[in-house]
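This chain uses plain numbering: 1 for the first residue, then up along the sequence. Counting starts at 1 for both ligands and their atoms, in listed order. No hydrogens, no waters, no symmetry mates; every other heavy atom, side chains included, goes into these values.
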Amino acid sequence: MPVLFDNENKIIHLQGKTVSLCLMCHPEYGLLNLYWGARLEDGNVSYLLDAVYDGASFDPKHTRFPYDEPVRGAGYYQTPSVCAINERGDDVVRLKYESHEIFRGKKALNGLPMVYTESADEATTAVITLKDPLTGLCVQVSYTLMETLDVITRSVNIGNAGCEKLVLTHMMSASMPMYGSDYDVINLSGGWARERYVNRTPLAHASFRVESQRGSSSHEQNPFIALCEKTATEHNGQVWAMSLVYSGSFLASADVNNFSTARMSIGLNPEVCRWNLLPGESFQTPEAVLVYSPDGFNGMSQRFHKTIRTRIVRGYWRDQPRPILINNWEATYFDFNEEKIEKIASKAASLGIELFVLDDGWFGKRNTDNCSLGDWVVNKEKLPGGIKGVCDRVNRMGMAFGLWFEPEMVSPDSDLYRAHPDWCLHAEGRSRTEARQQLILDLSRIEVQDYIIEAVSSVLKSANIAYVKWDMNRNMTEYYSYGREACRQTETQHRYMLGVYRVMETLTNIFPKVLFEGCSGGGGRFDMGMLYYMPQIWTSDDTDPVERLKIQYGTSFVYPASAMGAHVSASPNHQTGRSTSVKMRADVALGGNFGFELDLNTLTDEEIESVRSTVELVKRVRATLQKGTFTRLESPFEGNYAAWQFVSDDGEDVIACAYRKMTMPNPYPKKFFLKDLDEKANYRHAETGNVYTGSALMHAGIVFSGAWGDYQSAVYTFRKIG
Ligand code: DGJ
């Protein structure tokens, strides 16, 4: 088994293809995390403990021991991994090693999304049980080595085996001590319309916190953090990364202590989550995915991508070609009727587009965004034939039909709110803060979850609906729940997420062939938790292709192209006012799940031909775009160009995409260098028929062939010919 136990030294060694993790079950100090990095031949690194300096110092041993599950109260001064206040009011915890077991496979996490297995021989799990003798706090740490994927997952189950009530204040999913502190830290931050920009910051003697307290993983930060060697690049150097399989508030941090030792953690955000644990109860943390890459950021991303594509995303759509869609939002906003929809749809059908999505505005009296959320009943003034009428018409054109919902929300001006004013998150005696003139339904309550399941199901059953866009357009305020005990109000944010997951699990089970796409004001809830239920997510409301280069490049640090919705929209762009060619817009959009979001009837004949040829190209190469290995070649954050490539799993098909932002006078040739091809093989360039060796494409490079002017792009497709 690739998880070994060295009984003499009490070391559990998770030994992957390129990674090792070594844990010591210590009789006095509980579980120690001795090593996480490149694969070791032998996991006995107990000598490292001798190097934990034990000389004169202001600090007790606990300050510098590499605890796997650090706790408060005995000299550990950073964010604890688990912390519980007992009935005497103190939060001192001492965790002693009790036992461990190692088994093939991986157990499900009750009610939470996770990296799954399809057979027990894909993974080996070690569960280590630690216990606080005084309070009975029982911590079960689960590490799983996903063998083919070469990644490690970690989660914690915290039980109360004592007889007093405990209040959990910290429940981190992973907390990894690192050697030294000479690293850069990477995080993905942004805001609405500029999600997941890549930040690289030297790790200082301080705490670096990446967090959301918003009740969603957020536009502002993504539940991901990485430390890398100072010299690491896209293609070289060591990277240690963590990402959380969770969609709510989170904390990820990198802390450096006075021994110049870093610790990287990720988990629920203690600022907004405290949990009451009565005797006999237990609490399950979300799962963290830990990636070690010896080959730079691309190596890290490729490990995440494969994990997400094959063992986070589930169900029918995981391996199916994703349809090319057209969405009416930016074409009409709320101002549509059957005729307008029919016109947009029939033009799309004539160009080979496969799915029409009717966005916001089809229900209640919703002609602006100030009403009707919660009232999922069709607006017959706009659509006299109902959803079935419009759906049937679209189907007759040869396209599938999809529909927008925002199920987690309620408008104060809605029948639902008038009937159930206590069904939204709110704090008694306080005003209810509105954002986009809406409130959030209290999905921590089962009756609210059931209402949503029923309301969405009845619409989905009423017509041949093949796709759902699941939107969520505001963050939480007053995140409390009517009628819940006062001491349990601090559990509401996490209970809300558990409710969302139950609703999504139920609906995706009832409608297994419906393609669900997540959305949150663009990419405000883009995380592995959502991808467990919905195989793709709308990446950003910003559809400007130049802006999208950064958004898609940054998103690809963790998430595969098949997870990212990407649409060609109108020019000038509605978010930036920038004008770009339809070719540039399409070439950027094919770096994700390709689609459209404009009225194609407004394009010139020449633009229509460009659309037609990109639709044909995407259909021809979409297996490689959606399942191939994605490699970033040149960063839009660092210069005037961006480039990336896709290579099919069998190495036969190669697609390279290159983009230039601004033009330059008197230009010199700009080259891109492909990666990971077969040096000796020949590759035919489909567009010209020219043949190149793999070594030429990688070392001599391809010369950018974009046209004259700003915002130009080129897509090259190659096929290996032997
Ligand atoms: C926000 C989404 O990101 C948009 O694509 C659109 O669906 C609007 N909501 C509709 O209100």
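In this structure, the ring of Tyr480 has its center no less than 6.0 angstrom from the ring center of Tyr482. Checked against the 6.0 Å centroid criterion, the rings of Tyr451 and Trp376 do not qualify as a close aromatic pair. Less than 6.0 angstrom separates the ring centroid of Phe297 from the ring centroid of Phe557. For Phe637 and Tyr197, the distance between ring centers is under 6.0 angstrom. Under the 6.0 Å cut-off for aromatic ring centres, Phe334 and Trp362 do not qualify, their centroids lying 6.0 Å or more apart.
If you number the atoms of ligand 1 from 1 as listed, the ones under 4.0 Å from a heavy atom of Asp360 come out as 10 (C), 11 (O). Less than 4.0 angstrom separates some heavy atom of Trp538 from each of these atoms of ligand 1: 3 (O), 5 (O). Interface atoms of ligand 1 facing Asp359, defined by a heavy-atom separation under 4.0 Å, are 6 (C), 7 (O), 10 (C). Heavy-atom proximity to Cys519, at under 4.0 Å, picks out these atoms of ligand 1: 2 (C), 3 (O). Close contacts of ligand 1 with Asn473, meaning ligand atoms under 4.0 Å from a residue heavy atom, involve 1 (C), 9 (N).
Between the side chain of Arg322 and the backbone N or O of Trp317 there is at least one donor-acceptor pair closer than 3.5 Å.
Aromatic ring pairs are classed by plane angle as parallel below 30°, tilted from 30° to 60° and perpendicular above 60°; the pair Phe516 and Trp470 is tilted.
A heavy-atom separation below 4.0 Å is found between Lys469 and ligand 1.
Contacts with ligand 1 closer than 4.0 Å are made by no heavy atom of Asn327, backbone or side chain. Of all the heavy atoms of Arg436, the ones lying under 4.0 Å from any atom of ligand 1 belong exclusively to the side chain.
Closest to atom 9 (N) of ligand 1 among all protein heavy atoms lies Asp471 OD2, 2.7 Å. What sits closest to atom 3 (O) of ligand 1 on the protein, heavy atoms only, is Asp541 OD1, 2.4 Å.
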